[in-house]
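The structure's right below; bear with me while I get my questions together.
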Amino acid sequence: MSTENNEAGGSLADRITKPDEASQPAPTTETPTKPSEDGAGTTFQGPDLQEPEYQVEVKLSDLQADPNNPLFSVKSFEDLGLDPRILKGLSAMNFLKPSKVQERALPLLMNNPPKNLVGQSQSGTGKTAAFVLNVLSRVDLSTEEMRGTPQALILAPTRELARQIVGVIHDMGQFLDGLSIGTAVPTDASARPTRMTASVVVGTPGTVQEMIRRRVLNPTGLKVLVLDEADNMLDQQGLGDQCIRVKAMLPRTIQVVLFSATFPSHVHRYAAKFAPAANEITLHHEELTVEGIKQLYMDCSSDEEKYTNLVQLYGLLTVGSSIIFVRTRASAVEIEKRMTAEGHTVASLTGGIEGSQRDAVIDAFRSGEAKVLITTNVLARGIDVSTVSLVINYDIPEVSGPGGANRKREPDYQTYLHRIGRTGRFGRIGVAISFVSNREEWDMLRQIQQHFTCQIERIDTSDWDEVERIIKKTIKNSRAQAQFAKPQ
Ligand SMILES: Nc1ncnc2c1ncn2[C@@H]1O[C@H](COP(=O)(O)OP(=O)(O)OP(=O)(O)O)[C@@H](O)[C@H]1O
């Protein structure tokens, strides 16, 4: 069973599987090498922090000098003992200073003998670079034979995230001669390789498991295993099983690295078994929200009013880019159809569409060609598109599971945090609006507020000009306000 798509909430029962994708390894993928301007991967460029339209006043360097900010660091990348060619890659990506998680994780990761790591840090704070820098520092590219030997394996829950990580490795490792990166995501039979000879392999667990089983991927030379979005990977029945099976086929001495913005306690205990004797970087749940994301909600009297409010917001959705999260594939498709028929330009991405079509949609969204993306939880995690300034929770994320209609509805805290974290990346600003259309949804929103001890403010929809003014002002001012709020 493949588990590349974990759309319908965080639970096992609703996870949607695509058995046809399970046994389909993919080819080594090459990505372009043009350096990016804002620290995002090449293929995923967005504007710099200084978005002219919003006249953002604060600079990244200010945030990185604030000890309370997750982007703060005292060290430079040079201090972290990285290879000069990797430093050159970082500089080409315009990464000037490490973030807190990078500064803390890298010495732990790169120390010898290698130790396992369970690392947590808020969304958009640079966890990818933390594990990629360790991977690039550990691969040996000195001989032809080593260059063709898979030495590091990175697993991610979705094809979109796997492809994104490939882009980051490509950019960061662009000056490492002989580095090759393989992508192991479901693909057509005609495009499957017979042998994976890349030194770094990034993929989804089902496909990687199948590649190892069919001896397409030889795991004996692997030195590092990374699980990105590790809590999600280990907590879902299918994905978790696949990760365990993959790990059982790897060398026993492999360094295991687990990263996520969230590690709920039950998964944390399990993670400690998957990565034994690991160093840990852990946050309390009230430390998890990101300062630059303004959280709002809208009262809607019915499901239909959710739709009309969304349409009213269309002008704001296209100021930057925006992501609209819905609960099911069917509603994503329905909203897309309805909005398109009414003359709005929107795209949708769900696990229900073919892999190549998914790639085309996400690529169009990254390039800005598509500015409004309707999706399910399949894109709730990890996706890094710096232009996203607005996230809409059209449906509040819920824990789903057995129990039928009488079961009490419960918010999915982790998914809420990951969804809103698609904006406000690495010190940028963003707005997240949750729609509530009945008492139960309002209760779930209140519970989310309590859980993260955060403020989710109501927007009054009786005057749409005012709504527009408030949201635009918020986008414009939220970072600056955070600065003014700082003690002198
Ligand atoms: N040191 C740095 N300097 C500048 N930009 C950086 C730095 N580190 C990371 N970034 C940029 O910050 C953005 C967010 O990084 P990344 O996607 O790794 O976040 P994350 O912590 O993995 O988030 P999530 O929990 O949502 O997966 C990316 O666009 C990345 O290029």
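All values below were derived from every heavy atom in this structure, side-chain atoms included, with hydrogens, water molecules and symmetry-related copies excluded. The chain is numbered in sequence order, starting from 1. Counting starts at 1 for both ligands and their atoms, following the listed order.
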Ring pair (Phe, Tyr, Trp, His ring centres under 6.0 Å) partners of residues 357-396, not counting sequence neighbours, each pair once
Tyr394-Phe435
Enumerated ligand 1 atoms positioned under 4.0 Å from heavy atoms of Arg422
26 (O)
For ligand 1, indicate whether the residue Gln102 contacts it via side chain, backbone, both or neither (heavy-atom separation under 4.0 Å).
side chain
What residue among Leu310, Asn393, Leu390 forms side chain to side chain contact (heavy atoms under 4.5 Å, CB included) with Ile433?
Leu390
Give yes or no for whether the N/O distance cutoff of 3.5 Å, strictly under, is met between Gln164 and ligand 1.
no
Ligand 1 atoms nearer than 4.0 angstrom to some heavy atom of Phe77 are 1 (N)
Ligand 1 to Glu229 polar contact by distance, N or O atoms, under 3.5 Å
yes
Polar contact flag for Gly421 and ligand 1 (N/O pairs, less than 3.5 Å)
no
Ala129 to Gln102 - nearest heavy-atom pair and separation
CB-NE2, 3.3 Å
Give the contacting part of Phe131 toward ligand 1: side chain, backbone, both or neither, where contact means a heavy-atom distance below 4.0 Å.
neither
Short side-chain donor-acceptor distance under 3.5 Å, Asn377 and His418
no
Indicate, as side chain, backbone, both or neither, the part of Thr125 found under 4.0 angstrom from ligand 1 when only non-hydrogen atoms are considered.
both
Look at ligand 1 and say whether Gly124 reaches it with a heavy atom at a distance under 4.0 Å.
yes
Please determine whether side chain to side chain contact (heavy atoms under 4.5 Å, CB included) holds for the pair Ile383 and Ile362, giving the CA-CA distance in whole Å, both sets of side-chain angles, and the decisive distance to 0.1 Å.
CA-CA 10 Å; Ile383 294 304; Ile362 192 79; 4.3 Å; yes
Hey, is Arg425 touching ligand 1 through its side chain, its backbone, both or neither, going by heavy atoms under 4.0 Å?
side chain
Is there at least one pair of N or O atoms, one from His418 and one from ligand 1, spaced under 3.5 Å apart?
no
Which residue, Arg419, Arg425, Arg381, forms the side chain to side chain contact (heavy atoms under 4.5 Å, CB included) with Ser123?
Arg425
I'd like to check which ligand 1 atoms, numbered from 1 as shown, lie under 4.0 Å from a non-hydrogen atom of Ser123.
23 (O), 24 (P), 25 (O), 26 (O)
Any nitrogen or oxygen of Gly126, main chain or side chain, under 3.5 Å from a nitrogen or oxygen of ligand 1?
yes
Sorted by chain and number, sequence neighbours left out, salt bridge (Lys or Arg N to Asp or Glu O under 4.0 Å) with Asp83 holds for Arg85
Around atom CD of Glu369, are there more than 12 heavy atoms of other residues, nucleotides or ligands at under 6.0 Å?
no
Taking all atoms of both residues into account, what is the closest heavy-atom pair of Gln255 and Leu109, and its distance?
NE2-O, 3.0 Å
Compute both the distance and the angle, then confirm whether Lys127 meets the cation-pi test with Phe259: under 6.0 Å from the six-membered ring centre, within 45 degrees of the axis.
no
Considering both backbone and side-chain atoms of Thr128, is one of its nitrogen or oxygen atoms within less than 3.5 Å of a nitrogen or oxygen in ligand 1?
yes
Near Gln122, which atoms of ligand 1 are under 4.0 Å from a heavy atom of that residue?
21 (O)
Interfacing atoms of ligand 1 (cut-off 4.0 Å, heavy-atom, Lys97):
1 (N), 2 (C), 3 (N)
